[in-house]
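Reviewing the structure listed below.
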2 protein chains.
Amino acid sequence: MSSRPVRWLSSDQQLAWRSYVVGSTLLLAKLDRELRDAFGIALPEYEILVRLSEAPHGRLRMSALADSMCHSRSRVTHTVKRLERRDLVARTASDADGRGVEAVLTAAGRALLERAAPVHVEGVRRHFVDVVSPEDLAAVGRAFGTVADDLVTEHPAADIR
Amino acid sequence: MSSRPVRWLSSDQQLAWRSYVVGSTLLLAKLDRELRDAFGIALPEYEILVRLSEAPHGRLRMSALADSMCHSRSRVTHTVKRLERRDLVARTASDADGRGVEAVLTAAGRALLERAAPVHVEGVRRHFVDVVSPEDLAAVGRAFGTVADDLVTEHPAADIR
DNA sequence: GCGGAGTAGTTGAATCCTCGACCATTATGG
DNA sequence: CCATAATGGTCGAGGATTCAACTACTCCGC
């Protein structure tokens, strides 16, 4: 058990890492609060509405929803149940697959989203996109795209699913 | 109330933003799980141990702990209470300030941290630092450093504190 | 030194997320 | 076909986080 020596982070790397952790924490908390205060919905709930709105007929299977957000199926079930209680989405059985369930955006859900989206986008701009340089923004996208690919394909599939 | 037109994100900006949200979600979840599986502590708990270990005598006030992680005081109280229950930290009254409470790393806490740190750092490397280019890493650090500064100084102080 | 304003921290309830167990349905293989 | 495995989804319990009080102490002005 001759453990090889730990490869600690350089001080530059450590600084970058901590800046990311703190900045990211603050950013997501801020955007969450803005949506909550203005519309009473949390960021994950908002993102579900967005994904539904982008799907044909505002309709998507629970598993597709879960996969696209990298959330557990259980989490999506709970989140959608909350949204359903507020009549922002509805659930119907899938007719192709007897096991499947599809979530649909209701009229109220679409209306809420149309009011919320500009506010949210404005927040993303003010607190993120507009405060970093275009080059750094592109780098962030590249970096986390790579991270996501790495984590999704790492194990023989079936990680978050 | 002539609302000015919404400045939507360009598709590049949108892609960068979504990559960040998904990649970040996956990354933090992964690192959290690694610590949980190997040592039974969550990422926020680990970070408290780290900050304590870096402070003189392994001792820090609750508010300093909260500020350095950008967590609410209430959250730190709960987290430290959990750590105290497992004898990884102890709490003592601050003698300078009668209101203050200081958290101290116990021997067990330090021992756990010394086992956990190499594993965590290795995870940060494998899933983040080593999969992105040094330039992109630096850009991520710059970007979120800016974001954090912006959010901390935005309101007349006293935002998360 | 007294009274009010601000600071430090805790508490408990409500909410959200995770985990494991579970049911129903669909594929697979002999 | 039929047994078994795999997939899609739900549920409830327990743990974590937030929120709104609340206590206790310090600081400041007078």
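Throughout, protein chains are lettered first and strands after them, A, B, ... in sequence-line order, and every chain is numbered starting at 1.
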Note to self: Looking at E102(A) and R91(A), is there a salt bridge between them, counting it only when a charged N and a carboxylate O are closer than 4.0 Å?
What the structure shows: no
From CG of D95(A) across to P of dT26(C) the rounded distance in Å is 11 Å
note: L65(B), atom CG; dG9(C), atom C1'; distance rounded to Å ~ 13 Å
Check whether any side-chain nitrogen or oxygen of K81(A) sits under 4.0 Å from OP1 or OP2 of dC16(C), and answer yes or no. no
Between the base of dG12(D) and the side chain of H78(A), is there a donor and acceptor pair under 3.5 angstrom?
yes
Looking only at dG8(D), dA16(D), dT17(D), the nucleotide nearest the P44(B) side chain is dT17(D)
TODO: Evaluate the side-chain proximity of E47(A) to V21(B): yes if any heavy-atom separation is below 4.5 Å, no if none is.
DONE: yes
Would the base of dT11(C) count as contacting S74(B) through its side chain, where contact means a donor and an acceptor less than 3.5 Å apart?
yes
When rounded to whole Å, the CZ to C1' distance for the pair R36(B) and dC19(C) reads 10 Å
To the nearest angstrom, the CG-C1' distance between L43(A) and dC16(C) comes to 14 Å
In whole angstroms, the gap separating C1' of dT18(C) from CG of L28(B) amounts to 16 Å
When rounded to whole Å, the CZ to P distance for the pair R73(B) and dG12(C) reads 20 Å
Closest to the 5' end of DNA chain C, once A42(A) and A96(A) are matched to their nearest nucleotides, is A42(A)
Original post:
Between dG8(D) and R91(A), is there an OP1 or OP2 to side-chain N/O distance shorter than 4.0 Å?
Top reply: no
* Can you find a pair of side-chain heavy atoms, one from L9(A) and one from V124(B), that are under 4.5 Å apart? -> yes
Open item on the list: Does this structure show an ion pair linking D130(B) with R126(B), if we count only N-O contacts that are shorter than 4.0 Å?
Closed with: no
* To do: Decide yes or no, distance alone: a donor-acceptor N/O pair under 3.5 angstrom between the base of dT18(D) and the side-chain of H71(B).
  => no
- Between R82(B) and dA16(D), is there a side-chain N or O to OP1/OP2 distance below 4.0 Å? yes
To the nearest angstrom, the CE-P distance between M62(B) and dT10(C) comes to 4 Å
Taking dG8(D), dA16(D), dG9(D) as options, the one with an atom nearest any side-chain atom of D97(A) is dG8(D)
When rounded to whole Å, the CZ to C1' distance for the pair R85(A) and dC16(C) reads 11 Å
In short, R7(A) meets V121(B) closest at the heavy-atom pair O-CG1, 3.5 Å
| said: Between R75(A) and dC11(D), is there a contact of a side-chain N or O with OP1 or OP2 at under 4.0 Å? | reply: no
Original post:
Does the separation of the ring centres of F128(B) and Y20(A) fall below 6.0 angstrom?
Top reply: yes
Ranking dA20(D), dG9(C), dA8(C) by distance to the side chain of T77(B), first place goes to dG9(C)
Classify the side chain of T79(A) versus the base of dC17(C) as yes if they form a donor-acceptor pair under 3.5 Å and no if they do not.
no
**Request:** Check every strand shown and say whether S63(B) touches a base, only sugar-phosphate, or nothing at a heavy-atom separation below 4.0 Å.
**Result:** sugar-phosphate
R99(B) (side chain) and dT26(D) (base): donor-acceptor pair under 3.5 Å | no
